Amino acid sequence: MTSEDLSATQVPASTSLANRYGGQKRAMTRKTKRNIVIAALVLGMGFAAYIATGSAQAPVTFKDIGYSTVDDTQAEVDYQVTKYPGATAKCAIKALDSKFAVVGWKVVEIGPNDPQDDPDGGSTTMQRTVLRTESPAVSGIVDNCWIVDSGK
């Protein structure tokens with residue numbers, strides 16, 4: 001018998017396959033599976049808390065309703081503001097000329113709403129702001145609104 005015949009017959013087929021392709025994969029232990037499930041639950045709860053606190057910060061939204069020009073030096077802007085009834089918001093209102101240049105600007109404060117005055121529970125209020133303009137305005141819009149920090 002040659003050395004080639006001995007090595008081929010003495011090495012079991014499973015060992016030669018393991019050397020060529022790698023050994024058998026070990027199954028995950030019960031402890032590893034449990035740790036993966038716990039980690040997934042913790043991540044899920046963290047994500048849910050992030051979403052919950054993000055929506056609890058009471059965003060403010062606004063909608064332009066209309067505008068009118070009183071004369072060459074004044075414009076009126078009508079708009080709705082929707083916010084948590086107890087919150088105070090500020091809105092930047094601007095008047096624009098025919099080239100979309102700002103000809104009037106004002107920041108107004110919108111205090112807490114009385115829920116009895118509004119059918120949707122006091123979250124939406126109608127507002128009218130009068131702006132002084134430096135030239136005739138052809139449009140008036142709400143530029144932005146934000147919630148004012150109550151701890152000023």
Side-chain angles (χ1 to χ4, degrees), residues 13-152:
S14 61
T15 306
S16 64
L17 289 176
N19 289 336
R20 181 178 288 178
Y21 299 113
Q24 285 186 336
K25 304 259 186 217
R26 289 189 352 217
M28 277 196 283
T29 64
R30 198 175 181 103
K31 184 177 179 181
T32 303
K33 288 179 185 177
R34 185 187 71 215
N35 288 340
I36 290 173
V37 168
I38 289 172
L41 285 173
V42 168
L43 286 173
M45 288 173 28
F47 181 71
Y50 171 75
I51 296 298
T53 58
S55 62
Q57 292 177 354
V60 60
T61 59
F62 57 90
K63 180 180 178 182
D64 293 322
I65 301 297
Y67 73 94
S68 62
T69 52
V70 179
D71 57 29
D72 287 351
T73 62
Q74 270 192 339
E76 292 180 345
V77 180
D78 296 322
Y79 54 98
Q80 285 181 342
V81 176
T82 303
K83 62 179 181 58
Y84 178 73
T88 299
K90 285 191 177 183
C91 292
I93 315 299
K94 63 183 179 180
L96 307 171
D97 68 5
S98 60
K99 295 180 182 177
F100 302 105
V102 177
V103 294
W105 178 273
K106 187 176 192 178
V107 175
V108 295
E109 186 169 299
I110 301 162
N113 309 354
D114 185 4
Q116 297 173 350
D117 293 343
D118 195 26
D120 73 349
S123 62
T124 302
T125 59
M126 290 291 298
Q127 302 291 322
R128 173 172 284 166
T129 299
V130 178
L131 297 170
R132 295 180 63 192
T133 60
E134 54 191 47
S135 63
V138 297
S139 179
I141 61 171
V142 178
D143 185 60
N144 198 6
C145 289
W146 61 94
I147 297 294
V148 178
D149 185 14
S150 59
K152 350 181 218 183

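What you see is a predicted model; the values in this text were computed from it and never measured.
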message: I'd like to know if the side chain of Tyr67 and the backbone of Val138 have a donor-acceptor N/O pair within less than 3.5 Å.
response: yes
So [Y] and [X], do their side chains get closer than 4.5 Å, heavy atoms only?
{"X": "Gln74", "Y": "Val130", "result": "yes"}
{"X": "Asn144", "Y": "Lys90", "result": "no"}
{"X": "Leu96", "Y": "Ile141", "result": "yes"}
{"X": "Ile65", "Y": "Gln80", "result": "yes"}
{"X": "Ser135", "Y": "Asp72", "result": "no"}

Output the distance between atom [atom1] ([X]) and atom [atom2] ([Y]), rounded to the nearest 0.5 Å.
{"X": "Cys145", "Y": "Lys63", "atom1": "SG", "atom2": "NZ", "answer": "14.0 Å"}
{"X": "Thr124", "Y": "Phe62", "atom1": "OG1", "atom2": "CZ", "answer": "13.5 Å"}
{"X": "Cys91", "Y": "Lys106", "atom1": "SG", "atom2": "NZ", "answer": "12.5 Å"}

task: Only counting residues at least two apart or in another chain, list the ones meeting salt bridge (Lys or Arg N to Asp or Glu O under 4.0 Å) with Asp78.
output: Arg128
query: Taking only residues two or more places apart in sequence, or in another chain, which ones meet Asp97 in a salt bridge (Lys or Arg N to Asp or Glu O under 4.0 Å)?
result: none
task: May I have all residue pairs that pass side-chain hydrogen bond (donor to acceptor under 3.5 Å, both in side chains) and include part of residues 30-43, sequence neighbours excluded?
output: Thr29-Thr32
message: Less than 3.5 Å apart, any donor N or O on the side chain of Thr73 or Thr133 sitting next to an acceptor on the other?
response: no
- prompt: Judged by modelled atom types alone, do Thr129 and Gln127 share a side-chain donor-acceptor pair under 3.5 Å?
  reply: no
Minimum heavy-atom distance between [X] and [Y], given as atom pair plus value:
{"X": "Pro136", "Y": "Val103", "answer": "O-CG2, 4.4 Å"}
{"X": "Ile147", "Y": "Lys83", "answer": "CD1-CB, 4.2 Å"}
{"X": "Val60", "Y": "Ala89", "answer": "CG2-CB, 4.2 Å"}
{"X": "Ser123", "Y": "Pro85", "answer": "N-CG, 4.1 Å"}

query: Got a sec: does the CE of Met45 have more than 12 other heavy atoms crowding it under 6.0 Å?
result: no
query: With Val81, which of Val108, Ile110, Thr61 fulfils side-chain contact (heavy atoms from CB on, under 4.5 Å)?
result: Ile110
